[in-house]
Amino acid sequence: MLIAACVKLVEIRPLVDPLTGSVDPGREVGCSAADRAAVEVVRRLAESWSARTLLISVGPPRAEPLLVELAAVGIDAAVRIDAPRGVDSSTVGRLLAATLADVGADVVVCGDYSSDRGSGSVPAFIAHHLGAAQALGLVEVHTEGPGSLRVVRRLDGGRREVAVVDAPAVMSVEGSVAELRRAPLRSVLADAVPVEVVATDVPLSVRTLPTRAFSPPTRVASAPTGTPLDRVVELTGALVERTPPRTVALDPPEAAGMILEQLRSWGYLDEPDPA
Amino acid sequence: MSGTDFDVVVVGAGPAGSAAAIEVARAGRSVCLLERGPSPGSKNMYGGVVYGRILDTLVPAWWEQAPVERWVTRRSTMLISGDQALTVDFRNPGWGEAPHNGATAYRPEFDSWLAGVAVDAGAELVCSTTATGLIREAGQVVGVRTDRPNGDLRASVVVACDGVNSFLAKEAGMYPHDDPSNFTVGVKETIALPRHVIDERFAVRGDEGVDIEILGCTGDVPGGGFVYTNRSTVAVGLVLSLPALAAGGTRPEEILRLLKAHPAIAPLIEGGEVVEYSAHVIPEAGYDMMPELVGDGILVAGDAAAMCLAAGIWLEGVNFAIGSGALAGRTAALAARRGDASAAGLAGYRSSLESSFVLSDHRRLRDAPHLVMSDLAQRVLPAVACGVVEDVFTVTNPTPKPGMRRIVRQRLRRHGVRLRDLFREGLRALRTFG
Amino acid sequence: MTASSYPEISFERRMSTVEFRVDSDRAHITVDDTVCRDCTTRGCITACPANLFVPTAAGGILFNYEQCFECGTCYLVCNEEGAITWTYPEGGHGVVFHRS
Ligand SMILES: Cc1cc2nc3c(=O)[nH]c(=O)nc-3n(C[C@H](O)[C@H](O)[C@H](O)COP(=O)(O)OP(=O)(O)OC[C@H]3O[C@@H](n4cnc5c(N)ncnc54)[C@H](O)[C@@H]3O)c2cc1C
Ligand code: SF4
Ligand code: SF4
């Protein structure tokens, strides 16, 4: 059996100019916490299933040191699919799926989002191309025996969904699922896992263009009318009718009760819980 | 050699460690350079100036490749008293030309660059790995333990370049005591400003930079301040005596706030945005606090051996770290080749330090820290100097101008200093710096 | 001294400029605050540049390791044997400077 982790090289400390909104990606590169969690999940599954492991990434040659570093935790092989940064998600999904199909990966684990404004769609594209089951945005992954998994997914409103997934399957995991173990000193010192490079036909000219910061269109506002007094009255709302504020002095429990009652009367709270 | 992973293990990829690793690798021995930070320099902060002369032999034409922010062409010393300031300002455009003198640089960049030189020379750099202890056999150090799984690393010689807290030198029993009065703590803000604003405010052009050391700005805590220019940031910081700080002195950031608000400093940094705050301890006492430098299978270099030359606020640590690290590396490589890593086999380190600038400068300037931290230098000198200059420059007519000698005597008296004491301290300073 | 025309940043804002890769599994520094109760100097409170030592009403010390510069000031000024256990964080964790 072969289990693969997909990771993406990203800048880990981008700087956003608060005034212009322009982003300086910074020089430091790495991968997201979710991607690291994916590598750890692969490592754990491989241990309990005695499976082989593969680390795979679509990216430029600059991504290779990252693959080497991650592979030192005990991944058997690493592949870089050669493509420039900024390739769109469907292409990344197609490229990954092609290589994963070639090597015969049974289970594929990705991070749920890459941290550079990822949309989390790459794993779905991979699953589509492989015709595999997909379980995305997982918060827990447990094994039920070789090739079979019980996973937990986060749903809206704090609810959880438990699913059983069988290989072939593609999963994406949140960063909190597992913390990547430390690579043993021996594997850091040993000759690194060689990174195999797969050539692609993606044109190198694909580049995202910088966008300008949003600036709202100018609106023409008419000059205020009326006397200065009218303006002051209008701006302060002094003569408008309103509920006057009330000041009460109560013990904390009663005060709490009164706050709740008031919030309820404004419609912020549901009716009191019968329990 | 059998039973070892490397000829030499160097702990700490600061300037001392990288220099050591460069020398070992160039001598053709295998060397592992361990660093606990995710990259070399990521744990390190300093004031801001690297004095590069020591690099000339280690990395020829280093100025063409090192990540330098600005070349220091203006050095000032400022005495602050109340809201007055007296500055001695020296400009030397010559320092802006190769081979240069001092350069401002960010340590994460500088240290990564120097470690890169070591890697190019053949050293094996391993980051994100903390050395947690020494491996010893029959009293001889034969390697280090690290916090990675299967993390023991065996070597003929361990070079401890692990900085001011050096737990390795302490574990080896070479560092007997932690007297807080031997240490100061440095805090600093890195403040971002547009490059042309820095050029204008500090009156420099292009790659030229400024370095200002300040006395009298630390209130109830002995110490000093500094201002350094980078390309588009200004570093403003303090060096503060630990015992006074601990004795309920003003907190560091409050002293820094007051310095930044001082009329001589505020206009330089106004409108800037703090982009990093940092702190680090400095081994201040130099020669008088140095540990044993050589043990069986172990050498200590750089801040780990208190090699930082700290005359209060005039800090030269990076150059002394590189100097001592390089000598330690050479000795370690030689010992590995000869197969004798006992203290006797490594003794050449101490003697080569003695005959280099490292220990001769330290011995000569051993009194400097006390002088700069003395009450006279901290309070009296700034106050008297500012006062005298105020009296000289204040035009008092129609009252006739007082004579210079009278001004000085009056000012001294006002601060309760006797001429005799001043004379004695002056002599001491002359003996130290002369 | 005259005040600068720019407001000073808050301590929280100051510390937020620093990157800390916190090791959530292990505190690299621990403080035994039963020892601190007998301490007369309490140097750590004013000296720690990250202001991580907070006196409690009960006479002890509340310590939080997460935003630590790993500078060593605290153990150097602490004069009560055994109050502070000081180690470096696991490799790759802790403070990371960029422009210092
Ligand atoms: C506020 C301040 C201002 C200064 N100003 C200047 C200046 O302007 N000019 C100047 O020349 N000097 C200056 N210095 C002094 C200078 O920074 C030091 O002397 C110099 O950094 C010492 O170099 P080093 O290599 O010995 O130690 P460090 O630079 O401290 O390097 C030690 C390295 O070892 C690593 N390490 C520590 N323990 C371990 C371990 N157990 N396992 C693995 N790795 C470990 C650390 O992460 C670090 O990278 C200043 C210092 C301070 C604090
Ligand atoms: S100085 Fe030491 S003993 Fe005293 S309060 Fe601080 S940590 Fe506790
Ligand atoms: S090491 Fe420095 S920053 Fe960390 S707790 Fe101690 S004094 Fe504070």
Side-chain angles (χ1 to χ4, degrees), chain B residues 35-39 41-46 82-83 106-108 127-130 132 146-148 164-165 167 178-180 183 185 187-190 230 233 235 240 242-243 245-253 257-258 260-263 266 269-272 274-281, chain C residues 1-21 23 25-26 28 39-53 67-79 81 84 86-100:
Chain B
E35 170 57 46
R36 65 189 187 88
S39 59
S42 54
K43 298 285 182 188
N44 304 342
M45 71 76 87
Y46 76 145
D83 58 9
Y106 296 129
R107 287 293 296 281
C127 291
S128 295
T129 307
T130 305
T132 50
T146 72
D147 64 351
R148 282 194 186 266
V164 58
N165 289 308
F167 292 108
D178 283 333
D179 180 353
F183 298 89
V185 62
V187 294
K188 109 174 178 186
E189 278 180 11
T190 308
N230 295 309
T233 62
L240 300 167
L242 281 195
L245 205 55
T250 315
R251 278 195 51 81
E253 69 277 2
R257 185 186 71 77
L258 292 173
K260 283 168 62 190
H262 191 276
I269 50 171
E270 188 142 310
V274 178
V275 290
E276 192 157 89
Y277 186 54
S278 51
H280 204 281
V281 164
Chain C
M1 286 185 204
T2 50
S4 151
S5 58
Y6 271 79
E8 183 63 16
I9 55 173
S10 70
F11 197 77
E12 288 67 33
R13 168 85 185 73
R14 174 186 297 281
M15 294 307 289
S16 75
T17 62
V18 194
E19 184 187 359
F20 295 98
R21 300 189 183 168
D23 181 353
D25 295 335
R26 186 183 77 100
H28 63 286
C39 173
T40 50
T41 54
R42 312 204 131 214
C44 57
I45 298 172
T46 41
C48 169
N51 205 1
L52 296 177
F53 292 78
Q67 297 203 319
C68 165
F69 289 121
E70 299 149 33
C71 66
T73 299
C74 51
Y75 82 81
L76 285 168
V77 300
C78 175
N79 61 353
E81 195 76 37
I84 298 182
W86 206 100
T87 60
Y88 284 126
E90 187 178 77
H93 289 95
V95 69
V96 177
F97 293 129
H98 297 271
R99 296 205 262 185
S100 287

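Per chain, numbering begins at 1; letters A, B, ... match sequence-line order.
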**Prompt:** Relative to chain C, which segment of B:D179 carries a heavy atom at a distance below 4.5 Å: side chain, backbone, both, or neither?
**Reply:** neither
**Fill in**
Cut-off 4.5 Å, heavy atoms of chain C, and the answer for B:V274 is both
**Stepwise side-chain contact (heavy atoms from CB on, under 4.5 Å) check, B:Y106 with C:H98** = CA-CA 7 Å; B:Y106 296 129; C:H98 297 271; over 6 Å; no
**Message:** Using a 3.5 Å distance criterion without hydrogens, assess whether the side chain of B:R251 forms a donor-acceptor pair with backbone atoms of C:C48.
**Reply:** yes
**Prompt:** Per the side-chain hydrogen bond (donor to acceptor under 3.5 Å, both in side chains) rule, which among C:E90, C:H93, C:E70 passes with B:R36?
**Reply:** C:E70
**Request:** Specify which of C:A50, C:P49, C:C74 makes the most heavy-atom pairs with chain B at under 4.5 Å.
**Result:** C:P49
**Asked** Do you know which of B:A247, B:C127, B:P180 has the most heavy-atom pairs with chain C at a distance under 4.5 angstrom?
**Response** B:P180
**Request:** Working to the nearest 0.5 Å, report the span between SG of C:C71 and CG of B:L242.
**Result:** 8.5 Å
**Prompt:** Is any side-chain heavy atom of C:M15 less than 4.5 Å from a side-chain heavy atom of B:Y277?
**Reply:** yes
**Request:** For the residue pair B:D147 and C:Y88, confirm or rule out a side-chain donor-acceptor distance under 3.5 Å.
**Result:** no
**Pair C:R14 + B:E253: basic N to acidic O under 4.0 Å** = no
**Request:** Mind ranking C:S100, C:G43, C:G92 by heavy-atom pairs under 4.5 Å with chain B and telling me who comes out on top?
**Result:** C:S100
**Request:** Find the one option among C:N79, C:V96, C:L76 whose heavy-atom pairs under 4.5 Å with chain B are most numerous.
**Result:** C:L76
**Prompt:** Quick one: does C:T46's side chain have a donor or acceptor within less than 3.5 Å of a partner on B:L245's backbone?
**Reply:** yes
**Request:** Evaluate the side-chain proximity of C:V18 to B:S278: yes if any heavy-atom separation is below 4.5 Å, no if none is.
**Result:** no
**Request:** Between chain C and each of B:K43, B:H280, B:E35, count heavy-atom pairs under 4.5 Å; write down the option with the most.
**Result:** B:K43
**Item:** chain C contact via B:A279 - which portion, at a heavy-atom distance below 4.5 Å
**Value:** both
**Request:** Please determine, among C:I45, C:T73, C:T87, C:T41, the option with the most heavy-atom pairs under 4.5 Å with chain B.
**Result:** C:T73
**Item:** Interchain contact, B:E189 with chain C, by part (heavy-atom threshold 4.5 Å)
**Value:** side chain
**Fill in**
Between the CZ atom in C:F97 and the NZ atom in B:K188, the distance rounded to the nearest 0.5 Å is 9.5 Å
